[in-house]
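Contents: one structure, followed by commentary.
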Amino acid sequence: MQSVEVDAENIIRIITPALDQSRHKGQAGKIAVIGGCREYTGAPYFAAISALKIGADLSHVFCTKDAAPVIKSYSPELIVHPVLEESYSVREEDKKIIASKVLGEVDKWLERFDCLVVGPGLGRDPFLLDCVSEIIRHARKSNIPIVIDGDGLFLVTNHLELVSGYALAVLTPNVNEYKRLVQKVLSSEVNNDDATQQVLSLAKQIGGVTILRKGKSDLISDGDTVKSVSIYGSPRRCGGQGDILSGSVAVFLSWARQHIEAADLDSNPAVIGSIAGSAMMRKAASLAFSNKKRSTVTGDIIECLGKSLEDICPAGSCSL
Ligand SMILES: NC(=O)C1=CN([C@@H]2O[C@H](COP(=O)(O)OP(=O)(O)OC[C@H]3O[C@@H](n4cnc5c(N)ncnc54)[C@H](O)[C@@H]3O)[C@@H](O)[C@H]2O)[C@@H](O)CC1
Ligand SMILES: Nc1ncnc2c1ncn2[C@@H]1O[C@H](COP(=O)(O)OP(=O)(O)OP(=O)(O)O)[C@@H](O)[C@H]1O
Ligand SMILES: [Mg+2]
């Protein structure tokens, strides 16, 4: 089975909202990243700042108490909530009450978000992951799209019911995360000879979630179709590029959903958002690599997000 290479730049042009003076703050998207713990502070920052640089109006991070001051210090643009707790800071007898407090803190904000990104730099602490499972359940009840990445995929692979049958979920596995998902869901090994069929089966088996399999070409399937994005890209594999991708998909998914509703179309916003997010990330990576070559790091790619979108969809053509 062959995947279909899509015209991703055209999709970006169609769904990117025009900039005009009638719009108010928030209409271009409010994104929240659930991630950031003692070990990882870069990943949630990369995801959240990428969402802003692409054009979201507000970008929040919900992380553990010790990750918050670090993430805040990277950028005053982000709204950082130090609400998550890891087992080491919670006594056994307090776990129930602390879990409901965490949920309460997130619930206050949840309805305002157009998309969540769950997992960049989340870590794998069991108590923290239990709380995050509850956040996913609440978001799902409110029909908020969720991009699942990094340690969020570790959680979901072991608890497929969290996303199974939820069409507004996008899973963005890297090579390791994909392998674990295939083993768990299809009880088989990764088959690179028929990668298209396998990603289709995987998405179907998880009840029509969208899978964005990252690699030399990104493969995107919701169990009905398989699209590929192979344009641009870079040979540099520094850590953090998947985090840019997750923030990017969150913004484009929100824009795709708005566009599809306004134009009364019958398309899957999760697939459209994944295609656009993938192309955006790959174009910025290619541009950064042409400037920085071997020394390219994730921050350099983030700096290229603006120019990459501008080349495809110039802001100058928007009405003032
Ligand atoms: N600057 C940063 O803060 C960055 C943080 N990152 C975060 O790092 C975390 C891990 O992402 P990776 O892409 O490295 O994940 P991978 O799953 O690719 O690898 C993680 C490590 O865990 C090991 N591992 C595999 N299966 C395991 C299991 N069942 N239990 C325990 N360990 C297992 C692997 O051998 C590997 O060393 C994520 O939260 C991710 O978002 C990355 O996004 C890169 C940048
Ligand atoms: N071989 C490749 N050639 C070109 N682009 C690639 C290649 N592999 C991955 N990419 C691109 O890099 C981005 C990140 O993919 P990667 O597999 O590095 O994610 P990751 O391991 O989750 O990253 P992170 O370090 O942020 O966790 C994706 O958007 C993908 O399109
Ligand atoms: Mg990753």
_Angle between ring planes, H81 versus H60, binned at 30° and 60°: parallel, tilted or perpendicular?_
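Parallel: the ring planes of H81 and H60 meet at under 30°.
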*asked:* Using side-chain heavy atoms (C-beta onward) and a distance below 4.5 Å, is Q27 in contact with P17?
replied: no
*Can you tell if the side chain of L181 reaches within under 4.5 Å of the side chain of L202, non-hydrogen atoms only?*
yes
Joint hydrophobic cluster, [X] plus [Y], side-chain heavy atoms closer than 4.5 Å:
X    : Y    : value
V249 : F113 : no
L200 : V4   : no
F62  : I136 : yes

Could you tell me whether a side-chain N or O of [X] sits under 3.5 Å from a main-chain N or O of [Y], the two making a donor and an acceptor?
X    : Y    : result
E85  : V102 : no
S248 : G277 : yes
S133 : L129 : yes
T16  : I12  : yes
T172 : I148 : yes
E105 : L84  : no

*Is it true that atom CZ of R237 has more than 12 heavy atoms of other residues, nucleotides or ligands lying nearer than 6.0 Å?*
yes
*Which residue, V117, V118, L162, forms the side-chain contact (heavy atoms from CB on, under 4.5 Å) with I146?*
V118
Whether [Y] and [X] form a salt bridge (side-chain N of Lys/Arg under 4.0 Å from carboxylate O of Asp/Glu) is what I want to check.
X    : Y    : answer
K95  : D130 : no
D300 : R236 : no
E310 : K307 : no
R124 : D151 : yes

*asked:* Checking one residue: I79. Which other hydrophobic residues are in its cluster under the side-chain 4.5 Å linking rule?
replied: L58
*Taking the six-membered ring of Y178 as reference, does the NZ or CZ atom of R213 fall below 6.0 Å from its centre and within a 45° cone about the axis?*
yes
*Within 45° of the ring axis of Y74 and under 6.0 Å from its six-membered ring centre, is that where the NZ or CZ of K72 lies?*
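Not satisfied by the 6.0 Å and 45° rule.
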*Taking atom types as modelled and ignoring hydrogens, do the side chains of D114 and S254 form a donor-acceptor contact shorter than 3.5 angstrom?*
no
_As an exercise, state the distance from CD1 of I34 to CG of L128, rounded to the nearest 0.5 Å._
10.0 Å
